[in-house]
Asks: 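Pasting a structure here, questions to come.
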Amino acid sequence: MSWPPQIRRLDERKIYALDLPGHGKSEGIGRHSIDEYANDVIAFMKELKLRAAVMVGISMGSAIALTLALKFPKKVLDWGCLAAARKMRVAPAILETAGNPNTFESAVEMVNENCFSSNAPQSLLQLSKKQMLDMRPPVLLGDFLACNEFDVTSQLGKIDVPRSLYAAQKIK
């Protein structure tokens, strides 16, 4: 999922919407763990000379934001998570089909069917489908495997970022 243009253009705020390696317009290959993606965000911040930022993520991005708050608390001014969980288990059927070019589209369909409300606008479903189909199957599978291994259940209480303790309690 990516952020709509309206969010990336908030007045009086500098917004960076990072394309992770192998995603969107970024070169390279996807990572195989949320920690590796968190390290990519830190490298991005260093490149731009950003000392700290508010981290916001959707789904896998929320796992990255939580990991950043845990591993690099001085880099995280605050955080917000949408479609977040302390554990992000992925359905076995998705894991079995996402990496195979012959079954990739059915994996994308499963994700869309199970991750959106029946009231979600068709335009949102189409955008989600297009963005996932634009990815290479190994990248999407790697993302799902990284999410499937993600589990910060025992660490949520360690997050010490302003206002985030309340949010961490809500995720539990």
Side-chain angles (χ1 to χ4, degrees), residues 1-10 13-77 79-85 87-112 114-115 124-152 155:
M1 295 295 302
S2 66
W3 295 100
Q6 297 86 343
I7 295 205
R8 292 184 304 226
R9 294 183 187 100
L10 290 172
R13 300 284 184 255
K14 189 169 268 195
I15 307 292
Y16 296 95
L18 172 63
D19 279 341
L20 296 167
H23 296 75
K25 295 179 181 175
S26 286
E27 297 291 324
I29 58 171
R31 306 297 185 226
H32 294 101
S33 75
I34 299 301
D35 281 351
E36 289 177 284
Y37 280 128
N39 291 335
D40 288 330
V41 173
I42 295 300
F44 176 81
M45 291 176 69
K46 284 180 183 174
E47 183 71 25
L48 294 177
K49 296 179 176 53
L50 299 173
R51 288 191 345 222
V54 174
M55 303 294 172
V56 181
I58 301 172
S59 190
M60 184 176 80
S62 69
I64 295 168
L66 287 169
T67 299
L68 288 164
L70 286 162
K71 287 182 64 178
F72 305 99
K74 291 182 178 169
K75 297 284 188 185
V76 180
L77 296 172
W79 55 269
C81 297
L82 303 164
K87 288 200 276 190
M88 300 189 98
R89 297 299 180 249
V90 178
I94 292 172
L95 294 175
E96 292 166 9
T97 56
N100 183 334
N102 297 323
T103 57
F104 182 66
E105 190 165 349
S106 66
V108 169
E109 290 293 339
M110 279 189 269
V111 172
N112 266 357
N114 293 293
C115 292
L124 179 61
L125 294 171
Q126 290 169 349
L127 177 62
S128 170
K129 182 177 179 177
K130 180 191 178 317
Q131 288 175 339
M132 281 190 279
L133 289 174
D134 285 348
M135 294 174 70
R136 294 184 314 278
V139 173
L140 189 61
L141 176 60
D143 289 353
F144 288 139
L145 290 169
C147 287
N148 198 53
E149 294 300 314
F150 178 76
D151 183 351
V152 293
Q155 299 173 58

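The model shown is predicted, which means the values in this text are computed figures rather than measured ones.
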Asks: Do I29 and R136 make a side-chain contact, defined as non-hydrogen atoms from C-beta onward lying under 4.5 Å apart?
Replies: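 Yes - at least one pair of side-chain heavy atoms lies under 4.5 Å apart.
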
Asks: Side-chain atoms of residues 38-54: list all donor-acceptor pairs with protein atoms under 3.5 Å, sequence neighbours left out, distances to 0.1 Å.
Replies:
from : atom 1 : to  : atom 2 : distance (Å)
N39  : ND2    : D35 : O      : 3.4
D40  : OD1    : R31 : NH2    : 3.3
D40  : OD2    : R31 : NE     : 2.8

Asks: Rounded to the nearest 0.5 Å, what separation is found between the CD atom of E109 and the OG1 atom of T103?
Replies: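 If we round to the nearest 0.5 Å, E109:CD and T103:OG1 are 12.5 Å apart.
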
Asks: Do other residues, nucleotides or ligands put more than 12 heavy atoms under 6.0 Å from the NZ atom of K87?
Replies: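 Counting other residues, nucleotides and ligands, NZ of K87 stays at 12 neighbours or fewer.
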
Asks: Could you measure the distance from the SG atom of C147 to the CD1 atom of I64? Nearest 0.5 Å is fine.
Replies: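 C147 SG to I64 CD1: 8.0 Å, rounded to 0.5 Å.
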
Asks: Is the shortest heavy-atom distance from the side chain of L141 to the side chain of F104 under 4.5 Å?
Replies: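 Result no, sub-4.5 Å side-chain heavy-atom pair not found.
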
Asks: Can you name the nearest heavy-atom pair linking A65 to G57, along with the distance?
Replies: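 Closest approach of A65 to G57, heavy atoms only: CB-N, 4.5 Å.
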
Asks: Excluding sequence neighbours, so at least two apart, what forms side-chain hydrogen bond (donor to acceptor under 3.5 Å, both in side chains) with E36?
Replies: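 Scan of E36 (side-chain hydrogen bond (donor to acceptor under 3.5 Å, both in side chains), adjacent residues dropped) gives S33.
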
Asks: What residues, two or more places apart in sequence or in another chain, satisfy side-chain contact (heavy atoms from CB on, under 4.5 Å) together with E149?
Replies: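 Once residues adjacent in sequence are excluded, E149 has no partner under the side-chain contact (heavy atoms from CB on, under 4.5 Å) criterion.
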
Asks: For S26 and L20, which heavy atoms make the closest approach, and how far apart are they?
Replies: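 Of all heavy-atom pairs spanning S26 and L20, the closest is CB-O, 3.3 Å.
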
Asks: With sequence neighbours left out, write down each residue that passes side-chain hydrogen bond (donor to acceptor under 3.5 Å, both in side chains) with S106, or none if nothing qualifies.
Replies: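 Here no residue qualifies.
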
Asks: Listed by chain and number, what are the side-chain hydrogen bond (donor to acceptor under 3.5 Å, both in side chains) partners of D134, not counting sequence neighbours?
Replies: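 Once residues adjacent in sequence are excluded, the partners of D134 under the side-chain hydrogen bond (donor to acceptor under 3.5 Å, both in side chains) criterion are K130.
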
Asks: Which heavy atom of S62 sits nearest to which heavy atom of A83, and what is that distance?
Replies: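 Reported closest heavy-atom pair: OG-O, 3.6 Å.
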
Asks: So, does T67 use its side chain to make a donor-acceptor pair with the main chain of A63 at under 3.5 Å?
Replies: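 A pair under 3.5 Å: yes.
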
Asks: Is there a side-chain contact between H23 and Y37, using heavy atoms and a 4.5 Å cut-off?
Replies: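 Yes. Closest side-chain heavy atoms under 4.5 Å.
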
Asks: Only pairs under 3.5 Å count here: list side-chain donor-acceptor contacts from residues 89-97, not counting sequence neighbours, and write none if there are none.
Replies:
from : atom 1 : to   : atom 2 : distance (Å)
R89  : NH1    : N148 : O      : 2.4
R89  : NH1    : F150 : O      : 3.3
T97  : OG1    : A93  : O      : 2.8
T97  : OG1    : I94  : O      : 3.4

Asks: Heavy atoms only: give me the nearest P73-K71 pair and the separation to one decimal.
Replies: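 Heavy-atom minimum between the residues: CD-C, 3.4 Å.
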
Asks: Measuring from atom CE of M55 to atom CG of L77, what distance do you get when rounded to the nearest 0.5 angstrom?
Replies: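 If I round to the nearest 0.5 Å, the distance is 8.0 Å.
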
Asks: I need the L70 CG to I34 CD1 distance, nearest 0.5 Å.
Replies: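 The CD1 atom of I34 is 12.5 Å from CG of L70, to the nearest 0.5 Å.
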
